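What you see is a predicted model; the values in this text were computed from it and never measured. Counting from 1, the numbers follow the sequence of the chain as shown.
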Amino acid sequence: MEVEGEEQTSIWNKETVPKVMKIVSTRLAQRDLISLLLLSPWIHRTLISYPSLWLSIDLREMNNAGDRLIAALSLPRYQHVKQISLEFSQDIDDDHLEVIKSKCLGSLQDLESLNLNGCQKISDKGIEAVTSCCPKLKVFSIYWNVRATDEGVKHLVKNCKYIVDLNFSGCKHLSDKSLQLVADNYPELESLNLTRCVKMRDSGLQQVFVKCSFLQSLNIYALSSFTDEAYKKISVLSHLKFLDLCGAQNLSDDGLSCIAKCKKLVSLNLTWCVRVTDVGVIAIAESCTSLEFLSLFGIVGVTDKCLEALSKSCANTMTTLDVNGCIGIKRRSRDDLLKLFPYLRCFKVHS
């Protein structure tokens with residue numbers, strides 16, 4: 001009996017424990033996974049034997065991120081990494097990315113997603129270095145990078161041909177030249193964030209509309225530089241589902257009527273679009289019948305007329321509606337709103 005017990009234990013250790021370990025480890029955060037490596041040589045060998053666990057490097061908000069990234073990319077287990085996040089990490093600059101280019105080039109050949117959000121010590125030089133290592137890159141994010149210029153975007157489009165998701169939010173030095181580069185090189189782009197890119201103008205945005213017809217998500221939050229002229233060609237975006245125009249102070253009903261031609265819109269943020277009236281919102285209501293999210297926050301020119309139009313066409317889809325600050329829309333109780341929009345889950349009305 002003792003021999004049988006030893007055999008069962010051996011089978012458990014050799015077969016069952018590794019299977020359980022693999023299942024559990026896939027549900028752990030990467031930092032916890034790395035901690036597990038230190039527990040024992042057996043656990044280390046077991047975890048290292050699962051390549052699928054080492055397709056991501058997460059250094060978000062960590063200190064010495066540059067040195068940590070170089071060290072990680074030098075390890076065999078990260079030779080096929082697909083995602084790297086350095087969001088708001090500390091101590092990473094152009095020099096680190098130059099070292100990666102010279103010593104770890106092979107480790108980034110399969111990289112598909114690179115998040116450099118908040119890494120403010122990285123400039124065009126660093127962008128050139130790191131993108132030259134990532135021919136398969138699809139997602140590139142440099143939110144709040146105040147050093148990047150059009151030259152950095154020039155390097156990006158030269159080195160990375162398969163981008164479908166771009167986040168330039170807060171990159172205040174990017175201009176229409178960057179939009180032209182994006183339009184010319186990424187016809188299959190699906191998501192673009194231009195929040196607070198204050199140097200961009202109508203002509204550059206129009207180029208994106210004309211040449212990036214597969215766009216599904218467009219964020220131009222806090223950009224008053226664009227006018228109705230920019231939206232004359234937006235109707236070609238037949239796949240557009242998410243559009244954030246918060247703070248578009250120059251957008252009028254004419255521009256919104258052009259946007260209404262994007263009939264697949266699911267989410268539309270018109271917060272503080274102060275020139276908009278019932279006319280524009282009714283145009284949206286009549287054409288965009290799949291709308292689930294709509295914010296009219298702070299628009300004093302809309303009344304119950306637009307709400308009634310929305311109820312007629314979007315009653316079965318609308319789940320989130322914000323009319324806070326819309327003084328032309330009368331106060332309604334929760335029950336009254338549910339009569340208009342029975343599937344409403346989140347709603348804000350002015351008090």
Taking side chain as C-beta onward, heavy atoms only, is F293 less than 4.5 Å from F242? no
Donor-acceptor contact below 3.5 Å, side chain Q206 vs main chain E229: yes
Do you see a donor-acceptor pair shorter than 3.5 Å between the side chains of N324 and D322? no
Within a reach of under 6.0 Å around CD of Q109, are more than 12 heavy atoms found that belong to other residues, nucleotides or ligands? yes
Is the backbone N or O of T227 less than 3.5 Å from a side-chain atom of D202, with the two atoms forming a donor-acceptor pair by type? yes
Quick one: do C134 and Y162 satisfy side-chain contact (heavy atoms from CB on, under 4.5 Å)? Show the steps, please. CA-CA 10 Å; C134 315; Y162 305 106; over 6 Å; no
S178 (side chain) donor-acceptor with V153 (main chain) under 3.5 angstrom: no
Return the CD1 to SG distance between I234 and C258, rounded to the nearest 0.5 Å. 8.5 Å
Do E151 and K154 come close enough that some side-chain heavy atom pair is under 4.5 Å? yes
Does the pair V208 and L194 meet the rule for a side-chain contact (heavy atoms from CB on, under 4.5 Å), with working shown? CA-CA 12 Å; V208 171; L194 303 177; 5.8 Å; no
Distance-only donor-acceptor check, side chains D335 and S333, under 3.5 Å: no
Check the side chains of N250 and S224 for a donor-acceptor pair under 3.5 angstrom, ignoring hydrogens and angles. no
Where the side chain of N117 meets the backbone of Y143, is there a donor-acceptor pair that is under 3.5 Å apart? yes
Polar side-chain atom of T303 near backbone of G328 as donor-acceptor pair, under 3.5 Å: no
Kindly work out whether a path of hydrophobic side-chain contacts (I/L/V/M/F/W/Y, heavy atoms less than 4.5 Å apart) joins I92 to L75. yes
Indicate yes or no for a side-chain donor-acceptor contact from T195 to the backbone of G170 under 3.5 Å, with no hydrogens or angles considered. no
Is any side-chain heavy atom of L192 closer than 4.5 Å to a side-chain heavy atom of Y186? no
Check the angle between the aromatic planes of F214 and H239 and answer parallel, tilted or perpendicular using the 30° and 60° thresholds. parallel
Is there a path of hydrophobic side-chain contacts, each under 4.5 Å between heavy atoms, that joins L215 and I163? yes
Interatomic spacing from CG in L344 to OG in S311 - rounded to 0.5 Å: 10.5 Å
Minimal non-hydrogen separation, H80 against D110, with atom names: ND1-OD2, 2.9 Å
Using every non-hydrogen atom in the two residues, find where C104 and I70 come nearest and quote the distance to one decimal. SG-O, 4.1 Å
Tell me whether W272 shares a hydrophobic cluster with V276, the cluster being built from Ile, Leu, Val, Met, Phe, Trp, Tyr side chains joined at under 4.5 Å. no
What are the two closest heavy atoms between L321 and F341, and how far apart are they? CD2-CE1, 3.7 Å
Cluster link V157 to L179, ILVMFWY, side chain under 4.5 Å: yes
Given T320 and E292, is the side-chain contact (heavy atoms from CB on, under 4.5 Å) satisfied, shown in steps? CA-CA 6 Å; T320 303; E292 298 176 9; over 6 Å; no
What's the shortest heavy-atom distance between K233 and F209, and which atoms? O-CB, 3.8 Å
With a 4.5 Å cut-off on side-chain heavy-atom distances among I, L, V, M, F, W and Y, is there a chain of contacts connecting F347 to L307? yes
Count the heavy atoms belonging to other residues, nucleotides or ligands that lie under 6.0 Å from NZ of K241, then report whether that count exceeds 12. no
So how far is it from L256 CG to L268 CG, rounded to the nearest 0.5 Å? 6.5 Å
Nearest heavy-atom contact between C133 and K101 is SG-CA, 3.6 Å
Stepwise salt bridge (Lys or Arg N to Asp or Glu O under 4.0 Å) check, D93 with R147: CA-CA 11 Å; D93 54 32; R147 295 191 180 192; over 6 Å; no
Could you tell me if the side chain of D150 sits less than 4.5 Å from the side chain of L174, heavy atoms only? yes
Residues which pass salt bridge (charged side-chain N to carboxylate O under 4.0 Å, His left out) with D95, listed by chain and number, not counting sequence neighbours: none
